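Below is one structure, written out as structure tokens, with a few remarks after it.
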There are 4 protein chains.
Amino acid sequence: MAGSVNKVILIGNLGADPEIRRTQDGRPIANLRIATSETWRDKATGERREKTEWHRVVIFNEGLCRVAEQYLKKGAKVYIEGSLQTRKWQDQQGQDRYSTEVVLQGFNSVLTMLDGRGEGGGGGGGGYDQGGGDDFGASGPGPSRERRPAPAASSRRDDLDDDIPF
Amino acid sequence: MAGSVNKVILIGNLGADPEIRRTQDGRPIANLRIATSETWRDKATGERREKTEWHRVVIFNEGLCRVAEQYLKKGAKVYIEGSLQTRKWQDQQGQDRYSTEVVLQGFNSVLTMLDGRGEGGGGGGGGYDQGGGDDFGASGPGPSRERRPAPAASSRRDDLDDDIPF
Amino acid sequence: MAGSVNKVILIGNLGADPEIRRTQDGRPIANLRIATSETWRDKATGERREKTEWHRVVIFNEGLCRVAEQYLKKGAKVYIEGSLQTRKWQDQQGQDRYSTEVVLQGFNSVLTMLDGRGEGGGGGGGGYDQGGGDDFGASGPGPSRERRPAPAASSRRDDLDDDIPF
Amino acid sequence: MAGSVNKVILIGNLGADPEIRRTQDGRPIANLRIATSETWRDKATGERREKTEWHRVVIFNEGLCRVAEQYLKKGAKVYIEGSLQTRKWQDQQGQDRYSTEVVLQGFNSVLTMLDGRGEGGGGGGGGYDQGGGDDFGASGPGPSRERRPAPAASSRRDDLDDDIPF
DNA sequence: TTTT
DNA sequence: TTTT
């Protein structure tokens with residue numbers, strides 16, 4: 001269908017360390033559990049309430065799997081951009097079941113760590129296992145020709161500047 | 001949890017007319033089925049492939065329910081902004097089941113029709129039942145104090161209106 | 001800065017045909033003018049008002065430039081995903097000026113046509129020059145290893161399905 | 001124009017404390033300067049490069065102004081959701097100038113603090129002046145009829161609350 | 001002017 | 001079940 005968009009944006013915390021598995025041909029797949037929550041004040045009682053929503057996030061993108069494996073830990077806060085997919089499976093009684101996941105796959109995916117890196121180190125709290133602190137595009141931390149800004153921002157459109165922008 | 005975001009953005013087509021139900025206290029709830037799809041060319045065979053994803057959308061917002069009821073029909077193309085929610089229910093065997101939906105509720109929701117209105121009239125294609133063609137914020141088509149431009153809108157922008165944009 | 005996001009999402013109409021230029025080394029750059037507008041009812045007078053906002057969109061991505069050149073025309077409705085950039089330049093008096101643009105560059109960009117294709121043909125209305133109707137990711141219409149869904153959706157995670165999803 | 005979307009999503013850090021002004025009729029307006037940046041590795045030299053982008057954010061929403069005033073400080077990391085607006089003004093020579101801003105106004109705006117609150121206390125670093133740590137919808141921290149979960153929330157989700165998420 |  |  002022309003003109004279709006399927007996008008999910010989450011900011012939340014990992015409920016557990018990432019689970020990394022591999023396909024038969026060796027490609028990694030990372031599974032995350034991410035909690036988002038909203039708080040509001042009950043209009044009747046006036047008390048503060050909170051509702052937490054849990055999301056299944058599946059990462060097929062190899063670079064982002066590597067990021068998840070190396071840097072993410074239970075408790076880490078992340079920014080996620082992916083798409084919604086519902087997958088069909090059979091339970092042990094052979095009945096159809098459906099599971100909806102936020103899938104990070106291909107160019108249209110983002111995984112960014114929002115925690116300061118210093119959190120780690122001592123103790124059991126959330127955070128990262130190590131350094132980290134970068135944000136990674138779809139292709140992971142590697143070099144990416146496309147990821148760079150326009151070649152030399154100032155000069156990048158000099159050839160076009162006969163045009164007065166505003 | 002502080003600093004949480006849970007947002008879904010869809011552009012797709014309705015697979016069926018909206019279903020409108022009412023709560024016991026009379027508030028409307030609209031259910032939509034929306035299809036998004038992506039197409040790509042198979043690298044091996046070179047042929048064009050397509051994968052369609054179906055989304056359950058539930059509208060609790062009264063104004064947007066009204067919009068859905070009045071203007072949306074099977075086939076209509078819409079822009080949707082809502083949040084992800086997974087709901088638990090019991091099947092007839094008493095087993096726990098889960099259903100994930102895109103929920104439009106509260107201020108943080110958008111439903112916008114993307115079809116030109118002229119589509120209607122002749123033929124069986126998709127589109128709207130009537131006029132339509134506006135985009136509606138969370139509070140629906142009614143007047144909305146918040147929807148207006150900036151408080152000092154006039155002083156900020158009136159002078160722009162005689163400006164030729166490009 | 002770790003954990004940074006800079007994203008703009010627009011749905012609007014082209015105010016003019018795209019302008020395509022080329023850098024000295026031959027890469028295309030497309031410039032679009034896109035209008036978005038919001039309508040509201042004036043709370044004082046009760047009359048319906050509308051405010052149009054004009055956006056400068058610059059496409060550095062080659063594939064998306066090709067799409068813009070081939071398929072977009074004045075009046076076409078598009079979905080745009082890019083990032084905000086402010087660029088400095090000197091006016092004829094040598095004074096610093098700034099221009100803010102929505103930039104489509106790299107993997108994190110989307111340009112999707114939202115018009116049905118049939119619009120074209122007769123007359124001067126908006127629409128596309130030709131067929132079109134597809135949506136294009138950052139890499140344009142060409143084959144893209146990443147763009148495909150998971151290999152054979154149904155089987156794609158069979159090796160993982162010892163896990164009961166919910 | 002029907003079917004229009006104008007949305008900006010930023011995650012970045014405040015370059016300075018918020019500036020709060022008031023309109024003649026006493027409504028607050030907050031101005032923020034927010035930096036986003038992206039990093040990449042130069043393919044030629046192999047060295048790590050960074051490019052920072054500065055954004056002007058203007059908050060007309062009263063509740064969010066209050067949040068900005070009370071909780072945000074230079075260095076704080078925030079999630080912002082607003083819309084793009086270009087405003088015309090005259091410089092001292094009477095020449096037309098344009099300034100593009102990210103505007104938070106009305107229901108379609110979000111300002112969420114992403115820093116852990118503990119940052120504060122000792123030292124000069126960024127962070128908040130006080131507690132904070134909540135995320136605020138368009139209407140700010142006050143009670144909001146719309147912000148609550150679905151009308152029939154209890155029947156939809158109360159049974160979830162004794163559920164162990166994973 | 002921020003942040004890493 | 002939609003759409004192209």
Side-chain angles (χ1 to χ4, degrees), chain A residues 1-6 71 86 112-119 128 130-136 141, chain B residues 10-19 31-40 48-57 72-78 80 114-115 119 124-127, chain C residues 1-6 71 86 112-119 128 130-136 141, chain D residues 10-19 31-40 48-57 72-78 80 114-115 119 124-127:
Chain A
M1 180 183 353
S4 212
V5 170
N6 175 358
Y71 300 115
T86 297
T112 299
M113 299 183 284
L114 296 176
D115 289 301
R117 70 180 73 188
E119 192 93 47
Y128 310 129
Q130 9 172 331
D134 286 280
D135 61 298
F136 305 101
Chain B
L10 301 177
I11 295 178
N13 295 276
L14 270 70
D17 290 347
E19 292 179 13
N31 286 268
L32 312 180
R33 291 292 272 157
I34 293 183
T36 58
S37 75
E38 59 172 331
T39 58
W40 72 102
R48 198 168 166 275
R49 299 196 52 192
E50 180 177 43
K51 178 167 170 292
T52 295
E53 192 69 36
W54 287 97
H55 309 271
R56 299 182 173 276
V57 175
L72 297 183
K73 259 180 66 180
K74 174 175 173 174
K77 173 162 288 190
V78 292
I80 286 278
L114 295 176
D115 288 301
E119 192 93 48
Chain C
M1 181 183 350
S4 212
V5 170
N6 175 359
Y71 300 116
T86 298
T112 299
M113 300 183 284
L114 296 175
D115 289 301
R117 70 180 74 185
E119 193 93 47
Y128 311 128
Q130 8 172 333
D134 287 280
D135 60 297
F136 304 101
Chain D
L10 300 177
I11 296 178
N13 296 275
L14 272 70
D17 290 348
E19 292 179 15
N31 286 269
L32 311 180
R33 290 292 274 157
I34 294 183
T36 58
S37 75
E38 58 173 331
T39 58
W40 73 101
R48 198 168 167 275
R49 299 195 51 191
E50 179 178 44
K51 177 168 171 291
T52 296
E53 191 69 36
W54 286 97
H55 308 271
R56 299 183 173 276
V57 175
L72 296 184
K73 258 179 66 179
K74 174 176 172 174
K77 173 164 286 189
V78 292
I80 287 277
L114 295 176
D115 288 301
E119 192 93 47

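Chain identifiers are assigned alphabetically (A, B, ...) following the order of the sequence lines, protein sequences preceding nucleic acid strands; residue numbering begins at 1 within each chain. Source: prediction; values computed, not measured.
Taking only distance into account, the side chain of D:Thr52 meets the base of E:dT2 through a donor-acceptor pair shorter than 3.5 Å.
Rounded to an integer number of Å, the gap from NZ of B:Lys77 to P of F:dT4 is 7 Å. With rounding to whole Å, B:Ile34 atom CD1 is found 12 Å from F:dT1 atom C1'. With rounding to whole Å, D:Arg56 atom CZ is found 15 Å from E:dT2 atom C1'. Protein atom CG of A:Leu114 is 16 Å distant from nucleotide atom P of E:dT3, rounded to whole Å. Atoms CD (D:Glu53) and P (E:dT2) sit 16 Å apart, rounded to a whole Å. Distance CG (D:Asp115) to P (E:dT3): 10 Å, rounded to an integer number of Å. Rounded to a whole Å, the CZ atom of D:Arg49 is 22 Å from the P atom of E:dT3. As a whole-Å value, the separation of A:Asn6 CG from F:dT3 P is 18 Å.
D:Thr52 is not listed as a side-chain neighbour of D:Thr36, based on a closest heavy-atom distance of 4.5 Å or more.
Contacts of B:Asn31 classified as side chain to side chain contact (heavy atoms under 4.5 Å, CB included), with partners at least two apart in sequence or in another chain: B:Glu19, B:Arg21, B:Ile29, B:Val58.
Using modelled atom types and a 3.5 Å distance limit, the side chains of D:Ser37 and D:Glu50 yield a donor-acceptor pair.
Each of E:dT1, E:dT2, F:dT1 was ranked by its minimum atom distance to the side chain of D:Ala35; first place goes to E:dT2. When distances are taken from the side chain of B:Lys74 to each of F:dT1, E:dT2, E:dT1, the shortest belongs to F:dT1. Which of E:dT2, F:dT3, F:dT1 sits closest to the side chain of B:Ser37 comes down to F:dT3.
The side-chain ring of D:Trp54 is stacked on the base of E:dT1, judged by centre separation under 5.5 angstrom and plane angle under 30 degrees.
Proximity of a side-chain donor or acceptor of D:Lys77 to a complementary backbone N or O of C:Gly3 within less than 3.5 Å is detected.
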